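Structure, as structure tokens:
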Amino acid sequence: MKRSAPSPKGSISPPTVKRKIESTTNSKVVASFFKPTSQKEPEKLVWRTVNNSLIVGRYDDSNVPPQSRTLPVKVAAFDLDDTIIVPNTGSKWARSAASWKWWDPSVPGRLKQLYDEGYLVVVLSNQGNISLKDNPKSLQRDTASLNNLKQQVGSIFRQLDLPISIYAATGQDRYRKPRVGMWEEMLEDYDLQAEGAVDMANSFYVGDAAGREKTDKRRKDHATSDRDLAANIGIRFLTPEEFFRKESMEAYEHVFVPAKVLEGLNSSTRAQDDTVSGPFTKKSPQELVIFCGSPGAGKSTFYWDVLQPLGYERVNQDILKTRDKCIKKAKELLDAGRSVAVDNTNADVETRRYWVNIAREYNVPIRCVRFTASSRLAEHNDAVRALNPEIMNPEKRTMLPGIAFRSFVQRLQEPTLKEGFEEIYKVDFQFKGTEEQKKLWSRYWVSKFST
């Protein structure tokens, strides 16, 4: 009888669907089917969803000796794709029980070693290609994507066969890395919320989204979300190469560090920029003021803090929805003898010309307030505001898509006095808030900046 060739030594592929472990018709399954419910073994992998956004899968095996884990607990957290596994199908997003292989042959052994050393092993992964929202048009597709993920994770966890959990963020909300919602949910699940319950010094996160540049051996990282998540949590960060292959640590410097930006913005000793104007004052009994600045640059805050106390009425397209409605409202206010502040982005000359012409029609002076915050800073502001509605977002604004910031940069034409302005008043972003707000603002909130 001819024997099949043995599998290559060190194979890192998952079991094929022909192997017994993947079969759905073996004798054990048949016997289980006919067992009374009270006699059936509990499922090792149990799934649940949180807030119609976060997918949680917990694998427990009663045959594995329990850990001698005591407080404080060491946590070993990992990304999933390109960290624990890679696709073996040529498509990164192909999900099935057999569409993956280990990122490195050492992965399963290292994870089991961590468990034996008393670590709580968890996976924290962004899975934005899955939607849990009710949408009749895409329900079938989304259900399939969710089931495919469950099949793949089930196959991975069965091979590891150790207590492990996965947290998969599907939405653009507080769960999505680098935001710490998945970590906080994990702490709650394992009753580790108390101060000092986690050994932060010996806990770590491993992921491939580290902001590294392209090399001969590696493509450019798609984001910095894994590195930023570890920073937000306050634990050590390692790339898969550094953790599994023991490669030397690569030097890295963040382009945008919120805590350092905040320190620079609010430093009393920082050099003053001559382009930033002094205190804003009202110069005429009635006037028109228009803003020019990126979404999230602080325009509305400037209105509430500075212009409203001076008696300006606000016209805002986010509220009124169209420019025509903004123009109509502004004219009504000017007819009533009021001063008006147009709280829109007003990026280009053509848009600003509408307001210059209105000022001439009513024979009132017009000034432009130019907000200097970069699009990167503005996008960070927007994410902080939208994801902390109770203490940072009194107007309950939703988070803007990245294209809103790219669009502003693409359309921006710097305002000049030649357009008809009596003054161009420049405003640098300044953070104002409580210590709690400051702590939130200092975290990373954007996984991949638009510019």
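Quick caveat: nothing in here was measured; it's all calculated off a predicted structure.
Within the 3.5 Å criterion, the main-chain N or O of Thr351 finds a donor-acceptor partner in the side chain of Asp348. Checked by atom type and distance alone, the side chain of Ser96 pairs as donor or acceptor with a backbone atom of Ser99 at under 3.5 Å. In this structure, Thr49 contributes its side chain and Asn52 its backbone to no donor-acceptor pair below 3.5 Å. Using modelled atom types, one side-chain atom of Gln413 and one backbone atom of Val349 make a donor-acceptor pair closer than 3.5 Å. Counting only distance, with no hydrogens or angles, the side chain of Asn316 and the backbone of Asp318 share a donor-acceptor pair below 3.5 Å. Judged purely by atom type and a 3.5 angstrom limit, Asp343 has no side-chain atom pairing as donor or acceptor with the backbone of Arg314. A donor-acceptor contact shorter than 3.5 Å links the side chain of Thr372 to the backbone of Val427. The main-chain N or O of Ala347 is found under 3.5 Å from a side-chain atom of Arg352 such that the two form a donor-acceptor pair. Using modelled atom types, no side-chain atom of His380 and backbone atom of Val257 make a donor-acceptor pair closer than 3.5 Å. Using a distance-only test at 3.5 Å, with no hydrogens or angles considered, no donor-acceptor pair links the side chain of Glu379 to the main chain of Gly402.
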> What do the steps show when you test Ile235 against Trp183 for side-chain contact (heavy atoms from CB on, under 4.5 Å), and what is the final call?
Replying inline: CA-CA 11 Å; Ile235 58 178; Trp183 174 267; 4.1 Å; yes
> Can you list the steps and then say if Glu422 with Lys283 is a side-chain contact (heavy atoms from CB on, under 4.5 Å)?
Replying inline: CA-CA 10 Å; Glu422 294 204 355; Lys283 296 184 176 181; over 6 Å; no
>> Apply salt bridge (Lys or Arg N to Asp or Glu O under 4.0 Å) to residues Lys331 and Glu361 and explain how you reach the verdict.
In response: CA-CA 10 Å; Lys331 288 185 174 182; Glu361 178 184 343; 3.7 Å; yes
> Please walk me through it: do Phe429 and Val261 pass side-chain contact (heavy atoms from CB on, under 4.5 Å)?
Replying inline: CA-CA 11 Å; Phe429 175 79; Val261 171; over 6 Å; no
>> What verdict does the salt bridge (Lys or Arg N to Asp or Glu O under 4.0 Å) test give for Asp199 and Lys74, after you've listed the backbone C-alpha separation in whole Å, the side-chain angles of each residue and the deciding distance to 0.1 Å?
In response: CA-CA 5 Å; Asp199 183 350; Lys74 299 178 294 184; over 6 Å; no
> Hey, mind stepping through Lys217 and Glu241 against salt bridge (Lys or Arg N to Asp or Glu O under 4.0 Å) and telling me if it holds?
Replying inline: CA-CA 11 Å; Lys217 298 180 180 179; Glu241 290 84 358; over 6 Å; no
>> Before you tell me yes or no, could you show the steps for Leu412 and Cys292 under side-chain contact (heavy atoms from CB on, under 4.5 Å), namely the whole-Å CA-CA distance, both residues' side-chain angles and the distance that decides it to 0.1 Å?
In response: CA-CA 9 Å; Leu412 177 62; Cys292 175; 4.1 Å; yes
> Between Lys177 and Asp226, is a salt bridge (Lys or Arg N to Asp or Glu O under 4.0 Å) present by the stated rule, with each step listed?
Replying inline: CA-CA 7 Å; Lys177 294 181 297 185; Asp226 290 334; 2.7 Å; yes
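A heavy-atom distance below 4.5 Å is found between the side chains of Thr224 and Tyr252. Using a 4.5 Å heavy-atom cutoff, the side chains of Trp100 and Ile84 are not in contact. At least one side-chain heavy atom of Ile85 sits under 4.5 Å from a side-chain heavy atom of Trp102. Between Trp441 and Asn381, some side-chain heavy-atom pair lies under the 4.5 Å cut-off. You'll find the side chain of His254 reaches within 4.5 Å of the side chain of Asp228, heavy atoms only. In this structure, the side chains of Ile166 and Phe157 come closer than 4.5 Å at one or more pairs of heavy atoms. Counting heavy atoms from C-beta on, the side chains of Val446 and Phe405 never come closer than 4.5 Å. At least one side-chain heavy atom of Leu149 sits under 4.5 Å from a side-chain heavy atom of Gln127.
Distance check, rounded to the nearest 0.5 Å: CD of Glu414 to SG of Cys368 gives 9.0 Å. With values rounded to the nearest 0.5 angstrom, Arg367 atom CZ is found 12.5 Å from Ile290 atom CD1. The SG atom of Cys326 lies 9.0 Å from the CG atom of Asn346; values are rounded to the nearest 0.5 Å. Separation of atoms CG (Asp428) and CZ (Arg370) is listed at 11.0 Å; rounding is to 0.5 Å. Atom CE of Met182 sits about 8.5 Å away from atom CD1 of Ile233, to the nearest 0.5 Å. For the atom pair Arg179 CZ and Leu387 CG, the distance stands at 5.0 Å (nearest 0.5 Å).
No side-chain N or O of Ser53 forms a donor-acceptor pair with one of Arg174 less than 3.5 Å apart. Side chain to side chain, Tyr362 and Asp335 meet the donor-acceptor criterion of an N or O pair below 3.5 Å. Side-chain contact, Ser165 with Tyr190: a donor N or O sits under 3.5 Å from an acceptor N or O. With 3.5 Å as the limit, one finds no donor-acceptor pair spanning the side chains of Thr301 and Asp305. Of the N and O atoms on the side chains of Glu436 and Thr434, not one donor lies less than 3.5 Å from an acceptor on the other residue.
Cation-pi check for Arg227 over Tyr444 is not met; the charged atom does not lie both under 6.0 angstrom from the ring centroid and within 45 degrees of its normal.
Between Tyr205 and Phe237, the angle of the ring planes stays under 30°, which puts this pair in the parallel group of the 30/60° scheme. Ring planes of Trp103 and Phe244: tilted class, angle from 30 to 60°.
Between Tyr312 and Tyr303, a ring centre-to-centre spacing not shorter than 6.0 Å is recorded.
In terms of heavy atoms, Val206 sits closest to Thr83 at O-CG2, 3.6 Å. Nearest heavy atoms, Pro240 versus Asp82: CG-O, 3.6 Å. The heavy-atom pair separating Pro72 from Val198 by the smallest distance is CB-C, 3.8 Å. Nearest approach of Pro295 to Phe408, heavy atoms of both residues: CD-CB, 4.1 Å. Scanning both residues, Gln308 and Trp304, for their nearest heavy atoms gives NE2-CZ3, 3.3 Å. Of all the heavy atoms in Ala210 and Thr239, the pair that sits closest is CB-CG2, 4.0 Å.
Looking at Phe280, Trp355, Phe371 one by one, the single match for ring pair (Phe, Tyr, Trp, His ring centres under 6.0 Å) with Phe291 turns out to be Phe371.
Residues that satisfy the side-chain hydrogen bond (donor to acceptor under 3.5 Å, both in side chains) test with Glu250, not counting sequence neighbours, are Arg218. With sequence neighbours excluded, the residues satisfying side-chain contact (heavy atoms from CB on, under 4.5 Å) with Arg385 are Asp382, Asn393, Arg397.
A salt bridge does not link Glu287 with Lys282: every distance from a Lys NZ or Arg NE/NH1/NH2 to an Asp or Glu carboxylate oxygen is 4.0 Å or more. Between Lys260 and Glu253 no salt bridge is recorded (no basic side-chain N to carboxylate O distance below 4.0 Å). Looking at Lys329 and Glu313, no side-chain N of the basic residue comes within less than 4.0 Å of a carboxylate O on the acidic one, giving no salt bridge.
By the neighbour-count criterion of 12 heavy atoms within 6.0 Å, atom CZ of Arg338 is sparsely surrounded, having that number or fewer from other residues, nucleotides or ligands.
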